[in-house]
Number of protein chains: 2
Amino acid sequence: MKKRAPDLSAQIASSIRDAIVDGRLIVDERLPSEAELSAEFEVSRSTVREALKRLGAQSLIRTERGATGGAFVNHLRYEDAYAQHVTTSTLLLSMNSVHFATAAEARFALEAACVPLSAARRTPDHLATMRAEIHRQSQPGLSDEGFCASDVAFHRALVDGAGNPVLSYQLAGAVEAMQPLMNMITFTARSRSEIVSLHSRIADALDARDASAADATLSELASYTVTLGQTMFAKARSG
Amino acid sequence: MKKRAPDLSAQIASSIRDAIVDGRLIVDERLPSEAELSAEFEVSRSTVREALKRLGAQSLIRTERGATGGAFVNHLRYEDAYAQHVTTSTLLLSMNSVHFATAAEARFALEAACVPLSAARRTPDHLATMRAEIHRQSQPGLSDEGFCASDVAFHRALVDGAGNPVLSYQLAGAVEAMQPLMNMITFTARSRSEIVSLHSRIADALDARDASAADATLSELASYTVTLGQTMFAKARSG
DNA sequence: AGACTTTTAAATGTCTGACAAATGAAAAAG
DNA sequence: CTTTTTCATTTGTCAGACATTTAAAAGTCT
């Protein structure tokens, strides 16, 4: 039950991380140089460097070389957080062998939360993106991976239509992390056209700012997706 | 516009990360030792170590010392991902100076997505947690921080009631990252009792498995929270 | 004086070699 | 066969050196 003391580099990373999280170090502020930090913490420069690499991996700091270089508190941007969130979510799903139904339920529940906002606020740009993806999805030559990627892009446009970046960020994990699971479903021509049709109806409803129609169609899409997943897994068991 | 080549340690980290993400390295598999990796990548051991620290910071690997030690592909657990997600979300909100209204909108929209599922699946345990937190929130001596922490615990129970771990994970960022913003609102005795009353009604509705009543009350709570926030910020501007 | 070039100092990035500490496995002792 | 000791392996830490990058300072020419 005893937790051994973590490595020095981990301790130092924690110490600096705390300073950043509760605001004692502010964005773009420069940390002391590696030499100064090693004196301050009374460790070697290598140990300090390992601590800084840890923080860099979490996008908490960035480093610049040269005379005026050093480690700076990083301004965490949506894109960085977004990418990390997707990677982590994807691994979480695959490593914990989450059932397809569970992941799909979460994804569609969260997406449904965006629909009323998106119906109210979507711009022509969002609608154009959705239409473009729908068009791509109906191309016969499209690979399965391409279809799934386009599916993700369609749903991201739906989510972004809500005009709330916090919502978009949180949804990223749910929607994008599903892609590998979705890829496992080999879409038939028939199921593709069904999905394209549902996508079109969702886009139409959002175009008309009809939140309840969009919500109802999204529910249809959710059930259909879960059904497809069940069929696929049943076939995998029997085959 | 030119992107300089990233550091060697970053390149090596990427290379190993890719191997983990697309499954060429599986959970609990042992990576080559630092000496072997340094030979393989033709860099020094320090460089390899910095790469490994980066991966460790993302919970992708863990390291063990000793004869049979080494770096192992880590089984990413919900708790690890959860903690990271909360830290990142919190920083994202503070560093991008997200408006209270935007964050609150995202939070309540996502929570609303859980309500129907939670009404259907919540266990007595979830209800007991909610009641306990409501009781704590009505104690007069409770600090503002304590009240907010209890608020988070209440809402987490609501989300967990949906019985979907993926949903709980995704919601963690939205709910917990709000806490520092919520802490900024100094609750009066009057607003606390209003919130406690709304929490009670939500718990009652979930107890009765009445999803629409729970949803309606959550909407009330959302409006009330946003109103409190607006009042607070108006006062901050004038004062 | 002003514009251009060179030098220099500071900082991170990388390498080498060494030793400490942890830990399981093999060898030795009983 | 069990216990103890030794040992080899591996990560953790340290010290010192050199390479590379960068901006500022110093120098040079017009």
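Chain letters run A, B, ... following the sequence lines, proteins first and then strands; every chain starts at 1. Computed from a predicted structure; not experimentally measured.
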Atom CD of A:E64 and atom P of D:dT22 are separated, to the nearest Å, by 9 Å
Do A:R65 and D:dT20 share a donor-acceptor pair, side chain to base, under 3.5 Å? yes
Does B:R49 put a side-chain nitrogen or oxygen below 4.0 Å from OP1 or OP2 of D:dT11? no
Select base, sugar-phosphate, or nothing to describe what A:R30 touches, counting heavy atoms under 4.0 Å on all strands. sugar-phosphate
May I have the distance from A:L37 (atom CG) to C:dG13 (atom P), rounded to whole angstrom? 13 Å
B:T129 (side chain) donor-acceptor with B:D125 (main chain) under 3.5 angstrom: yes
Parallel, tilted or perpendicular: which describes the rings of A:Y169 and B:H85, with under 30° parallel and over 60° perpendicular? tilted
How close or far is atom P of C:dA22 from atom CD of B:E34, stated in whole angstroms? 16 Å
Counting heavy atoms from C-beta on, name the nucleotide in D:dC14, C:dA9, C:dT14 closest to the side chain of A:L8. D:dC14
When you look at NE2 of B:H75, are more than 12 heavy atoms from neighbouring residues, nucleotides or ligands closer to it than 6.0 Å? yes
Does any N or O donor sit under 3.5 Å from an N or O acceptor when you compare the side chain of A:R45 with the base of D:dG16? no
Separation of C:dA11 atom P from A:I61 atom CD1, nearest Å, is 16 Å
Pairwise 5' ranking along DNA chain C for B:E50 and A:T68, keeping only the more 5' one: A:T68
Pairwise 5' ranking along DNA chain D for B:A71 and A:A67, keeping only the more 5' one: B:A71
With nearest nucleotide decided by heavy atoms, which residue, B:A10 or A:G69, maps closer to the 5′ end of DNA chain C? A:G69
Using the side chain to side chain donor-acceptor pair (under 3.5 Å) definition, which of the options A:R107, A:E176, A:E133 pairs with A:H155? A:R107
Is the distance from OP1 or OP2 of D:dG12 to the nearest side-chain N or O of B:T63 less than 4.0 Å? yes
Stepwise salt bridge (charged side-chain N to carboxylate O under 4.0 Å, His left out) check, B:R62 with B:D28: CA-CA 9 Å; B:R62 63 176 187 282; B:D28 289 337; 3.2 Å; yes
Expressed in angstrom and rounded to an integer, what is the separation of B:F72 atom CZ from D:dT11 atom P? 9 Å
Could you tell me the separation between the CG atom of B:D7 and the C1' atom of D:dA19, rounded to a whole number of Å? 13 Å
Base, sugar-phosphate, or nothing for B:S46, non-hydrogen atoms under 4.0 angstrom? base
